[in-house]
Amino acid sequence: MNRKPKIVILGAGYGGMMTASKLQKANAHHDAEITLVNKHNYHYQTTWLHEPAAGTLHHDRTRMRIDSVIDTNKIHFIKDSVTEIKGEEKKVLLASGELEYDYLVIGLGSEPETFGIPGVEKNAFSIRSVNSVRLIREHIEYMFASYNNEEEKNEGYLAFIVAGAGFTGIEFVGELSERIPELCEEYDIDREKVKIYSVEAAPTALPGFDEELVNYAVNLLESRGVEFKISTPIKEVTENGVVLEDGEEINASTVVWTTGVRGNSVLEKSGFETMRGRVKVEKDLRVPGYDNVFIIGDCAIIINEEINRPYPPTAQIAMQQADTCAKNLRALLAGKEQLAAFKPDIKGTVASLGGKEAVGLVGSKKLYGTSASAMKKVIDNRYLFMLGGMPLLLKKGKFNIF
Ligand code: FAD
Ligand code: NAD
């Protein structure tokens, strides 16, 4: 090849941004032409989105312009939507053009898992992007504002259903339960009138998480007025709320759908073999059959061999994969054939519960309340530091730690 090889990175989330940043720091632009493609000109922290969704944090705190972190003289940036990947032709189709690549990194993140349940796409909100959470926050406020303007009161305006009590659902319920008293005050509404339901199909909230931590979270949220409906699958979402498996209907004008995620639909559309939209990658993160295509983050499946099940998709794993992916790209540029295997190093899980409350398991240590909440902020700040050093941390960090 007489020209520099072309590396194209799709998606500027945790995986894509960290891969680009690591290649930039390693001066890989001397050896390759590197292009990052993202549908917005900003990067947002998906892990913070439950906060702007409830309105407890402004959405601008969760996002930053890509060119404020990535040097676009070294890494080209294209703001566009990926529509399809043509693996055989080494091409990516964009909404307004196409790109050729020698090496491709796919980090397009996830989409809400609806399990084909009727009415979800039409009637429920989801926590997936800055656009989607801005809509949730505005809708919640509109419901509060509307309530006292109607002669005949619609109690559904003040009922909020969160479908799924996994980590996203619980973190959102935590924020919402903190915000409700403020909204009641602002819109002259009696707190007793407002209902928050956390509806979970499994026999417990936060299935698979430590029982003591789950109990702490549930008790705390109940004390803030959240009503849990456990072992209660939702079978339909209507314009007026949800229908539960046993036929009971809950009247609510707001349903937020947090029942898990699947890989970005671009992968299925592009003909990759997928499971719930995700591709099972090789140990070096390449796609079976494509030795020039890496998939990282929520689009990739990697198996936890201890239990022979996929690791849950997390930012923690996406960032660690970015590290391995950047190293492997550099190895390929240097003409090496032996690539590094990805080994996740799971440091723990911390779930925020709104305000200064959280629960977490870090190593074998259980954390509750303010210490868990402080740990969560340290984790959020650590990411900012890793991505953009002290300037980004000072600009976007969370410093109200205790
Ligand atoms: P993302 O970070 O979602 O990035 C995907 C990027 O691709 C986005 O910038 C998007 O705009 C872009 N994109 C998508 N489609 C296209 C397209 N067609 N064309 C161009 N660009 C496109 N994980 C943790 O480890 N810890 C946590 O505390 C945690 N908290 C979470 C809280 C919430 C509310 C949610 C929803 C998730 C949380 N997660 C957490 C999970 C974590 O956010 C994801 O696992 C992580 O974001 C995956 O990183 P990614 O790079 O694969 O995708
Ligand atoms: P999840 O799969 O963790 O939880 C979804 C929940 O929805 C499950 O408990 C499931 O039983 C329930 N559910 C499924 N169908 C249902 C139905 N019809 N009715 C009612 N409940 C139903 O998904 P998530 O919470 O969206 O999280 C996605 C990923 O992001 C996970 O890997 C998670 O670990 C990660 N995440 C991590 C954190 C954190 O570390 N703090 C926070 C948020 C998300």
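Everything numeric here is computed off the predicted structure, so don't read it as measured data. Read the numbers this way: they start at 1 and go in the same order the structure lists the ligands and their atoms.
- Taking a cut-off of under 4.0 Å to the non-hydrogen atoms of T168, the atoms of ligand 2 that pass are 24 (P), 25 (O), 26 (O), 27 (O), 43 (C), 44 (C).
- With ligand atoms numbered from 1 in the order given, ligand 2 contributes 20 (C), 21 (N) to contacts under 4.0 Å with heavy atoms of V199.
- Against a heavy-atom cut-off of under 4.0 Å, K376 is close to the following atoms of ligand 2: 41 (N).
- Of all the listed residues (P203, A201, A315, P312), A201 holds the heavy atom that lies closest to atom 20 (C) of ligand 2.
- No side-chain donor-acceptor contact under 3.5 Å links R286 to the backbone of F294.
- Ligand 1 lies under 4.0 Å from heavy atoms of G11, A12, G13, Y14, G15, N38, K39, H40, Y44, T46, T47, H50, D80, S81, V82, G107, L108, G109, I127, T168, E171, N264, G297, D298, P313, T314, A315, Q316, A318, K376.
- Salt bridge annotation for K122-E239: present, with a cationic side-chain nitrogen under 4.0 angstrom from a carboxylate oxygen.
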*Decide yes or no on side chain to side chain donor-acceptor pair (under 3.5 Å) for Y187 and E141, but give the supporting numbers first.*
CA-CA 9 Å; Y187 292 97; E141 286 216 25; 2.8 Å; yes

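- Proximity of E171 to ligand 2, defined as any heavy-atom pair under 4.0 Å, is confined to the side chain (atoms from C-beta onward).
- Using a 4.0 Å cut-off between a side-chain N of Lys or Arg and a carboxylate O of Asp or Glu, E98 and K91 qualify as a salt bridge.
- Of all the heavy atoms of V350, the ones lying under 4.0 Å from any atom of ligand 2 belong exclusively to the backbone.
- Which parts of ligand 2 touch P233 is read off a 4.0 Å heavy-atom cut-off, strictly below it: atoms 19 (N).
- Nearest to atom 40 (O) of ligand 2 by heavy atom, out of T349, I379, T204, is T349.
- For ligand 2 and P207, the ligand atoms under 4.0 Å from any heavy atom of the residue are 9 (O).
- Using a cut-off of 4.0 Å between Lys/Arg side-chain N and Asp/Glu carboxylate O, E51 and R61 are scored as not salt-bridged.
- Taking every heavy atom of I117 and a limit of under 4.0 angstrom, the matching atoms of ligand 2 come to 18 (N).
- Of the listed residues (V359, V173, V218), just one forms a side-chain contact (heavy atoms from CB on, under 4.5 Å) with L353, and that residue is V359.
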